[in-house]
Protein chains: 2
Amino acid sequence: MNAAAIRRCLEGSGLRCTPQRYAVMAFLAECNRHPTAAEIFDAVNRMDPRSSRATTYNNLRDLVQAGLVREVAVEGRAARFDAKGMRHHHFICDRCGNVEDVEWYDVPRPASGTLGKRILRECELIFRGLCTKCAPRHAWR
Amino acid sequence: MNAAAIRRCLEGSGLRCTPQRYAVMAFLAECNRHPTAAEIFDAVNRMDPRSSRATTYNNLRDLVQAGLVREVAVEGRAARFDAKGMRHHHFICDRCGNVEDVEWYDVPRPASGTLGKRILRECELIFRGLCTKCAPRHAWR
DNA sequence: TTTCACATTAGAAATATTCTAAGGTCCTCA
DNA sequence: TGAGGACCTTAGAATATTTCTAATGTGAAA
């Protein structure tokens, strides 16, 4: 996602394209891990040491609300974030806790009646097991 | 899950069945919401006002590690917990954030190659949308 | 140039979770 | 029966994460 696209995203959502917001979006766009707010702040702060932790938190909240960034549903102490690029599922390692992207595929919708009167918007998969670093070699098949 | 079953679970996992652990397990077994650690502590503390917040946190961590309790993968500030009863999926409301159980059904495994060399243990679904309280009435179909 | 709405800042405050040292509990063993 | 030891709890301190607040900054529009 290049600079112009980031700007269009932000302004299309009614948010100003400030240097601080741009830095958060740019970092998330090229980060294929799922960083915590502290990691995002550290990265943004290295680029501009005057930037404030509160601004990074404020911007993350605004970007999530605007639908430009998504908070990843993982366990653990700190929230983790993901750029809203291509849709994908997640794989969470039982041992090291690492969260990895898995390419999207549509999941069959549940039988009618299962969700009752709820309105379904999205159906995300969370895979759990051992990642390639933690899986014993001989177990692969 | 009755008292004897709770005791068997705990001792089968190498953990003593202390009154504090029993209280956490009993609360989660009959709680069909997904309480935070603070909510669990409040409930346990109402039953025994001497019980300590650190004990509840310690016990939750131990119970999760022993596989008797699961931390629910949700966004937001505080961790939420679930008794490891029948397997189920979760529905998270976009508007109110409520987390509800959805009956389990097996999800088709991803195409071979999608997960590479990872070892899959479980595949959980997270549904998102509007819960029955937040969905407009006319939208139901 | 002024105004105004939105944004940032720095540090305080609140919330959530973990740490620590001391003491408690309960079972085993002599 | 009492000692010992492993595990557990406690209370408050400490740390980590997130939000709040009042003051200031920014930039586009008038």
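Convention: sequence-line order gives letters A, B, ...; per-chain numbering from 1.
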Are A:L63 and A:L10 close enough, and set up right, to give a side chain to side chain contact (heavy atoms under 4.5 Å, CB included), and what steps lead you there? CA-CA 8 Å; A:L63 294 169; A:L10 284 164; 3.5 Å; yes

Taking the six-membered ring of B:F91 (Phe, Tyr or Trp), confirm whether the NZ or CZ of A:R118 is under 6.0 Å from its centre and within 45° of its axis.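 Relative to the ring axis of B:F91, which defines the angle, A:R118 lies inside both limits.
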
Euclidean distance, atom [atom1] of residue [X] to atom [atom2] of [N] [Å, nearest integer]:
{"X": "B:Y22", "N": "D:dC8", "atom1": "OH", "atom2": "C1'", "result": "19 Å"}
{"X": "A:R53", "N": "D:dA16", "atom1": "CZ", "atom2": "P", "result": "11 Å"}
{"X": "A:E75", "N": "C:dA16", "atom1": "CD", "atom2": "P", "result": "18 Å"}
{"X": "B:L10", "N": "C:dT25", "atom1": "CG", "atom2": "P", "result": "19 Å"}
{"X": "B:Q65", "N": "D:dC8", "atom1": "CD", "atom2": "P", "result": "12 Å"}
{"X": "A:N45", "N": "C:dA10", "atom1": "CG", "atom2": "P", "result": "9 Å"}
{"X": "B:N58", "N": "C:dG23", "atom1": "CG", "atom2": "C1'", "result": "15 Å"}
{"X": "A:I40", "N": "D:dT17", "atom1": "CD1", "atom2": "C1'", "result": "13 Å"}

What I want to find out is whether B:K133 reaches B:E100 closely enough, with some N-O distance under 4.0 Å, to be called a salt bridge. no

Is any NZ, NE, NH1 or NH2 atom of the basic residue among A:R128 and B:E124 found under 4.0 Å from an Asp or Glu carboxylate oxygen of the other? yes

Take a 6.0 Å sphere around CZ of B:R121 and say whether it holds more than 12 heavy atoms from other residues, nucleotides or ligands. yes

For a quick test of reading the model: is some side-chain N or O of [X] closer than 4.0 Å to OP1 or OP2 of [N]?
{"X": "A:Y57", "N": "D:dT19", "answer": "no"}
{"X": "A:R21", "N": "C:dA7", "answer": "yes"}
{"X": "B:T55", "N": "D:dT10", "answer": "yes"}

Have a look at B:S51 and say if it touches a base, only the backbone sugar-phosphate, or nothing, with a 4.0 Å heavy-atom cut-off.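 Sugar-phosphate, no base atom in range.
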
Checking all strands, does A:A38 fall into the base, sugar-phosphate, or nothing category for heavy-atom contacts under 4.0 angstrom?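 The answer is nothing, as A:A38 stays clear of every strand by at least 4.0 Å.
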
Looking at A:R80, A:E71, A:H90, A:E39, which one forms a side-chain hydrogen bond (donor to acceptor under 3.5 Å, both in side chains) with A:H34?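 With A:H34 as partner, side-chain hydrogen bond (donor to acceptor under 3.5 Å, both in side chains) holds for just one option, A:H90.
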
Within the structure provided, determine whether B:T56 and B:Q20 are in side-chain contact (heavy-atom separation under 4.5 Å).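 Counting from C-beta outward, B:T56 and B:Q20 never come under 4.5 Å.
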
Side chain proximity check, A:L15 to A:R21, heavy atoms < 4.5 angstrom: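 Side chain of A:L15 against side chain of A:R21, heavy atoms only: contact under 4.5 Å found.
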
So which nucleotide from C:dA7, C:dT17, D:dT18 ends up closest to the side chain of A:A79?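 Of all the options, the side chain of A:A79 is nearest to D:dT18.
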
Quick one: which protein N/O atoms are closer than 3.5 Å to N/O atoms of nucleotides 22-30 of chain D? Pair and distance per line, please.
none

Pair B:L130, B:D94 - check side chain to side chain contact (heavy atoms under 4.5 Å, CB included), show working. CA-CA 6 Å; B:L130 297 178; B:D94 287 332; 4.3 Å; yes

Could you pick out which residue, A:P49 or B:A37, lies toward the 5' side of DNA chain C when each is mapped onto its nearest nucleotide?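 This one resolves to A:P49.
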
At a cut-off of 3.5 Å, list every protein nitrogen or oxygen paired with a nitrogen or oxygen from nucleotides 11-14 of chain C, distance to 0.1 Å.
none

Determine whether A:I92 and A:F127 satisfy the following criterion, side chain to side chain contact (heavy atoms under 4.5 Å, CB included), listing intermediate values before the conclusion. CA-CA 6 Å; A:I92 302 178; A:F127 302 103; over 6 Å; no

